[in-house]
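Fair warning: this is a prediction, and the values are worked out from it, not measured in the lab. Numbered from 1 within each chain, the chains take letters A, B, ... in sequence-line order.
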Number of protein chains: 2
Amino acid sequence: MSSPRTRPDSRTRILAAAAHEFAAHGFDGANMDRLARAARLNKAMIYYHFRGKAALYAEVFREFIRGVLDRLHAVEESDADPSDKIRAFVLAIAAEARLRPHFPPMWLREVAGGGRHADQATLGLIAQIPATLGRIVDAGVGRGEFRPAHPLLLHFGIIGPLILYFVTEPVRVRLDRVSGLPPIPPDDVLEQIVHATLATLDPAPRALEARPSRQGRRS
Amino acid sequence: MSSPRTRPDSRTRILAAAAHEFAAHGFDGANMDRLARAARLNKAMIYYHFRGKAALYAEVFREFIRGVLDRLHAVEESDADPSDKIRAFVLAIAAEARLRPHFPPMWLREVAGGGRHADQATLGLIAQIPATLGRIVDAGVGRGEFRPAHPLLLHFGIIGPLILYFVTEPVRVRLDRVSGLPPIPPDDVLEQIVHATLATLDPAPRALEARPSRQGRRS
DNA sequence: GTCTATATCGGGATAGAC
DNA sequence: GTCTATCCCGATATAGAC
């Protein structure tokens, strides 16, 4: 995990190459030979540093989650308004995704697989992300600035579009050519997500027009 | 593709089992032996009906996309208001996801992989989904009911949360236990997504509070 | 159309020299 | 710590009988 002396190399290179490989091909599709080549090392070195493919994957994934959580906790502990914290929450995840471009694809695949490759401890870390959002919302509700919302569902409204935006960045060229759509203005992405999230939390929604004709009620 | 008489048989069973297998394990993780057992057939039968794993995958995937597109085109051609069409758009995708629970995971993995397993024709089909949304938005803009928004980004705001909701259904039990969160009220999901989408399209946004600069108190 | 049996190969993991 | 060479299982795909 960490020796006192500077050990810049093989282990770090393996982790970097692993992030790339897992992001591009998923757990099952990842190839240890290719990974070793990318790290400019021999395959045996991987097994010298890590117990196996699964352990390497878990390590990479936990590193990502920790990076996100560090930022989010900083957001939570700031003294901004609740709505500014929501904004900062979105920006923090986006910043981390930009910093570690391999995170969005890995995260997507992990979700699609039902968390199969994540041990219980890692799942616990992941759960802290919506939990943090939930505390921010609660604070806003306490001040009367937000109406209550389910943290996980709200979180889906944030990372869903965000991750899709990042993860489709490479494909969009292909898609755009087929669909004839213009590229997405980068600045719009975060604005829209923040705006939509705050609209969901708005205690006085103006969404009468959102209701078709008759509407069931929940509190 | 279709014989006139009822052929409820091997080919159909293979497709059903394939949807399950690909959804649960992804393309690389899918196992033809396990797939054959699930279809109560021998593995050789798969290769009798399909050219290989890739062809089988493509067939399943295209079937899903067609199902979605059929619903969406019906929505587009209805004579509802633009905002009701937006609502119907969301409901249509949700209905299809309920009907074919294997679609959300497959779709997620495909996106994460950058559309690697989809041929150009299938990509063209996929592109029709946001394109349809775009035409609905354009109609609303023409009536002054919507403000312009990028169709693909808007689409991300819809399917992102939606797919995450469906795809995490199995995991949420595990996650909830760790996080201590209550389950998501199912009725809230579609309401929130529709509401957020319409808020994004609102031509007179009340989102001054969404701006980073210091905001004044609201009335 | 449906089966059993098998060819073939890619890739995760290890042995052991240096 | 780093390498080369290799084991060996699992998985796709096929041959060929019925």
Side-chain angles (χ1 to χ4, degrees), chain A residues 1-61 102 106 109-110 113 116-119, chain B residues 1-61 105-106 109-110 113 116-119:
Chain A
M1 190 190 309
S2 57
S3 71
R5 299 293 291 145
T6 47
R7 183 181 36 181
D9 288 276
S10 57
R11 192 191 151 93
T12 309
R13 289 215 307 278
I14 292 172
L15 282 170
H20 184 79
E21 182 70 14
F22 286 128
H25 304 281
F27 183 83
D28 291 303
N31 183 321
M32 301 298 270
D33 281 305
R34 192 169 40 200
L35 202 166
R37 275 206 317 276
R40 290 164 321 189
L41 277 173
N42 194 277
K43 195 168 46 164
M45 277 307 290
I46 300 175
Y47 292 92
Y48 172 78
H49 283 294
F50 300 92
R51 284 223 300 282
K53 192 182 188 179
L56 177 56
Y57 179 92
E59 183 74 22
V60 171
F61 201 82
H102 301 307
M106 279 189 71
R109 290 187 202 265
E110 191 57 35
R116 173 165 322 179
H117 305 295
D119 49 33
Chain B
M1 190 193 304
S2 57
S3 71
R5 299 294 292 146
T6 48
R7 180 177 45 173
D9 291 279
S10 57
R11 192 191 151 93
T12 309
R13 290 214 307 278
I14 291 172
L15 282 170
H20 185 80
E21 182 70 14
F22 286 128
H25 303 280
F27 183 83
D28 291 303
N31 183 321
M32 301 298 269
D33 280 306
R34 192 169 41 200
L35 202 165
R37 276 207 316 277
R40 289 165 322 191
L41 276 174
N42 194 277
K43 195 168 46 166
M45 276 308 290
I46 300 175
Y47 292 93
Y48 172 75
H49 282 293
F50 301 92
R51 285 222 304 279
K53 192 183 188 180
L56 177 55
Y57 178 92
E59 183 75 22
V60 171
F61 201 82
M106 279 188 72
R109 291 187 201 266
E110 191 56 35
R116 173 164 325 178
H117 306 295
D119 48 34

For the base of C/dG12, is there a side-chain donor-acceptor partner from A/K43 under 3.5 Å away?
yes
Counting just side-chain N and O atoms, does A/Y47 come under 4.0 Å of either OP1 or OP2 of C/dT14?
no
Looking only at side-chain N and O atoms, does A/N42 come under 4.0 Å of OP1 or OP2 in D/dT2?
no
[X] [atom1] to [N] [atom2], straight-line distance once rounded to whole Å:
| X | N | atom1 | atom2 | value |
| --- | --- | --- | --- | --- |
| A/F27 | C/dG11 | CZ | P | 14 Å |
| A/D28 | C/dG10 | CG | C1' | 14 Å |
| B/L56 | D/dA13 | CG | P | 10 Å |
| B/I14 | C/dG1 | CD1 | P | 11 Å |
| A/K53 | C/dG10 | NZ | C1' | 12 Å |
| B/M45 | D/dG16 | CE | C1' | 15 Å |
| B/D33 | D/dT12 | CG | C1' | 9 Å |
| A/L35 | C/dG10 | CG | C1' | 16 Å |

Is the side chain of B/R116 donor-acceptor paired with the backbone N or O of A/A24 at a distance under 3.5 Å, no angle test?
yes
Can you tell which of [options] lies closest to the side chain of [X]?
| X | options | answer |
| --- | --- | --- |
| A/Y48 | D/dG1, D/dT12, C/dT4 | D/dG1 |
| A/L41 | C/dT14, D/dT12, D/dC3 | D/dC3 |
| A/H49 | D/dA13, D/dG1, C/dG1 | D/dG1 |
| B/N31 | C/dA13, D/dT2, D/dT12 | D/dT12 |
| A/S10 | D/dT2, D/dA13, C/dG1 | D/dT2 |

So what does [X] hit on the nucleic acid, given a heavy-atom distance under 4.0 Å: a base, only sugar-phosphate, or nothing?
| X | result |
| --- | --- |
| B/A36 | nothing |
| B/I46 | nothing |
| A/A30 | sugar-phosphate |

Flag side-chain contact, heavy atom, 4.5 Å: [X] against [Y]:
| X | Y | value |
| --- | --- | --- |
| B/M45 | B/R13 | no |
| B/L15 | B/E59 | yes |
| A/M106 | A/F61 | yes |

Both A/M32 and A/A44 contact DNA chain C. Taking the nearest nucleotide for each, which residue is further toward the 5' end?
A/M32
For B/Y57 and B/H117, take the angle between the two ring planes, folded into 0 to 90°, and tell me which bin it lands in: parallel under 30, tilted 30 to 60, perpendicular over 60.
perpendicular
